[in-house]
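See structure below.
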Amino acid sequence: MKRELTAIEIVAIGEELLSGATIDSNAALIAKQLEPLGLRIARKTTVGDVAEDIAGAVRAALDRTGAVITSGGLGLEFRQDLWEALLERWAHRGKIPESNRTQAEVPEGGDVFPNPRGTAPGLAIDDDRLGLCILLPGPPGELAAVLTDSVAPYLAERVSGGARRPFRRQLRTAGIAESSLADKVGGRLDDLGLDVAYLPDVAGVDVRLTGWSADEAGTAGALEEGARRLHEILGVHVYCEGTKDLAEVVGDLLRERGLAVVVAE
């Protein structure tokens with residue numbers, strides 16, 4: 001089935017993610033790969049290695065968006081051709097561990113994505129009633145390879161013809177806490193249909209506005225108005241728009257005025 005997609009959810013699987021032993025970098029990688037296609041990450045859920053929890057998280061994601069990507073926790077129905085491929089890859093190492101048989105298990109009717117960096121393949125299951133579920137291996141290097149080589153092209157064919165892409169404006173602030181900044185902005189941008197994100201850093205807090213549209217013109221007006229309102233609301237706390245850091249902005253101002261800064265220890 002070739003369905004048209006606009007949003008997708010992520011379910012990250014692994015006890016190590018819940019315990020904090022491993023930081024989940026996979027979700028960020030998936031989002032960065034899929035945003036340019038016009039696929040918005042609607043939600044991310046993390047669950048442990050418990051079958052009921054995984055099934056519940058995937059079912060809930062499919063109910064909300066009709067599409068989900070999981071990372072980690074592969075294995076379902078045995079495929080002899082995949083098992084033979086694993087045997088061939090292990091031939092030079094000696095006997096393959098019997099536990100690797102689970103990496104040759106895929107759902108009936110599922111599409112298999114080869115894994116050039118490991119033994120567990122990626123999978124796609126597209127059900128008319130339930131939706132689209134894509135299962136990726138957990139190790140970041142393997143996930144990245146399968147995602148780039150196979151999954152992104154697979155999803156690109158299924159994105160809605162009028163898919164919206166993200167367009168952004170970012171204002172950088174200093175001298176104001178994130179909570180105070182959010183209080184000031186409040187709901188004063190709600191009518192613009194923009195996503196507002198607060199990104200704290202050592203030097204201050206960035207306010208990022210995101211509009212989704214098929215082309216830049218479709219959201220340019222809202223982003224311009226959003227940036228104008230932020231300048232008005234936050235005043236002197238905004239030190240630039242874009243990606244320059246605070247030291248760079250201060251340096252530019254000093255050069256414009258023919259001034260220099262001298263420090264001594």
Side-chain angles (χ1 to χ4, degrees), residues 6-10 12 20 23-44 140 144 147-148 152 156 159 162-265:
T6 57
I8 197 164
E9 295 195 22
I10 297 171
I23 302 298
D24 181 19
S25 60
N26 288 335
L29 178 61
I30 292 170
K32 288 177 182 177
Q33 285 266 9
L34 300 192
E35 264 201 353
L37 301 179
L39 272 174
R40 181 175 187 167
I41 304 301
R43 183 180 301 210
K44 177 204 163 185
L147 183 65
T148 301
V159 171
R164 302 186 306 161
R165 295 183 294 121
F167 296 92
R168 295 191 167 102
R169 296 275 293 267
Q170 179 168 294
L171 280 69
R172 315 204 77 177
T173 73
I176 182 171
E178 180 184 0
S179 56
S180 299
L181 193 155
D183 285 343
K184 279 180 172 291
V185 175
R188 295 167 71 179
L189 305 182
D190 288 355
D191 61 307
L192 299 177
L194 301 174
D195 296 335
V196 183
Y198 302 102
L199 312 174
D201 202 349
V202 175
V205 182
D206 295 345
V207 187
R208 189 179 69 187
L209 304 177
T210 303
W212 290 77
S213 177
D215 56 47
E216 190 170 7
T219 192
L223 288 172
E224 181 64 31
E225 175 61 15
R228 185 196 69 76
R229 292 186 196 178
L230 285 177
H231 277 286
E232 183 179 275
I233 295 166
L234 302 176
V236 295
H237 291 295
V238 178
Y239 66 83
C240 83
E241 183 171 341
T243 59
K244 283 187 176 182
D245 63 29
L246 185 56
E248 192 175 0
V249 172
V250 171
D252 290 343
L253 290 172
L254 290 172
R255 280 188 291 272
E256 288 174 11
R257 290 163 173 73
L259 301 174
V261 174
V262 179
V263 296
E265 292 187 11

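This one's a predicted model, so the numbers in the text were calculated from it and none came from an experiment. One-based numbering along the sequence shown.
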> Nearest heavy-atom pair of Leu194 and Gly226: which atoms, and what distance?
Replying inline: CD1-CA, 4.4 Å
> What's the spacing between Leu181 CG and Ile233 CD1 if we round to 0.5 Å?
Replying inline: 9.0 Å
>> Going by the rule side-chain contact (heavy atoms from CB on, under 4.5 Å), which residues pair with Ala156 if we only count those two or more places apart in sequence or in a different chain?
In response: Leu37
> Going by heavy atoms in the side chains, are Val261 and Val250 under 4.5 Å from each other?
Replying inline: no
> What pairs with Pro36 under side-chain contact (heavy atoms from CB on, under 4.5 Å), at least two apart in sequence or on another chain?
Replying inline: none
> Partners of Glu178 by side-chain hydrogen bond (donor to acceptor under 3.5 Å, both in side chains), sequence neighbours excluded?
Replying inline: none
> Do you know which two heavy atoms are closest between Pro140 and Ser25, and how far apart they sit?
Replying inline: CG-OG, 3.9 Å
>> Applying side-chain contact (heavy atoms from CB on, under 4.5 Å), can you list everything that pairs with Ser180, at least two apart in sequence or on another chain?
In response: Ile176, Ala177
>> If you count every heavy atom of other residues, nucleotides or ligands that lies below 6.0 Å from Ile23 atom CD1, does the total exceed 12?
In response: no
> Taking the side chain as C-beta and beyond, is there a heavy-atom pair between Thr6 and Arg164 under 4.5 Å?
Replying inline: no
>> Rounded to the nearest 0.5 Å, what separates atom CG in Leu230 from atom CG in Leu189?
In response: 5.0 Å
>> Working to the nearest 0.5 angstrom, can you tell me the gap between Ile41 CD1 and Ile10 CD1?
In response: 4.0 Å
>> Quick check: closest heavy atoms across Ala174 and Leu246, and the distance to 0.1 Å?
In response: CB-CD2, 4.3 Å
>> Could you go through Ile8 and Leu34, starting from their C-alpha distance and side-chain angles, then the distance that decides it, and tell me whether this counts as side-chain contact (heavy atoms from CB on, under 4.5 Å)?
In response: CA-CA 9 Å; Ile8 197 164; Leu34 300 192; 4.1 Å; yes
> Sequence neighbours excluded, which residues qualify as side-chain contact (heavy atoms from CB on, under 4.5 Å) partners of Ala28?
Replying inline: none
> Closest heavy-atom contact between Ala7 and Leu39?
Replying inline: N-CD2, 3.9 Å
>> Holding to side-chain hydrogen bond (donor to acceptor under 3.5 Å, both in side chains), I want the full list of residues that pass it with Glu216, two or more places apart in sequence or in another chain.
In response: none
>> Enumerate the side-chain hydrogen bond (donor to acceptor under 3.5 Å, both in side chains) contacts for residues 186-205, please, sequence neighbours excluded, ordered by first and then second residue.
In response: Arg40-Asp195, Asp191-Arg229, Asp195-Trp212
> Taking only residues at least two apart or on different chains, which pairs with a member in residues 254-265 satisfy side-chain hydrogen bond (donor to acceptor under 3.5 Å, both in side chains)?
Replying inline: Asp252-Arg255
>> Testing the basics here: between Leu223 and Gly211, what is the closest heavy-atom pair and its distance to 0.1 Å?
In response: CD2-N, 4.0 Å
> Can you tell if the side chain of Lys44 reaches within under 4.5 Å of the side chain of Asp24, non-hydrogen atoms only?
Replying inline: yes
>> So, using side-chain hydrogen bond (donor to acceptor under 3.5 Å, both in side chains) as the criterion, who are the partners of Asp206 when residues are at least two apart?
In response: Gln170, Arg172
> Just how far is it from atom CG of Leu209 to atom CZ of Phe167, taken to the nearest 0.5 Å?
Replying inline: 14.5 Å
>> Can you list everything that forms a side-chain hydrogen bond (donor to acceptor under 3.5 Å, both in side chains) with Arg169? Sequence neighbours excluded, please.
In response: Glu224, Glu241
>> To check you understand the geometry: which heavy-atom pair defines the closest contact between Ala214 and Arg165, and what is its length?
In response: O-NH2, 4.0 Å
>> Less than 4.5 Å apart, side chain to side chain, heavy atoms only: is that true for Val238 and Val207?
In response: no
>> Looking at Val205, is its backbone amide N or carbonyl O close enough to the side chain of Thr173 to form a donor-acceptor pair, meaning the two atoms are under 3.5 Å apart?
In response: yes
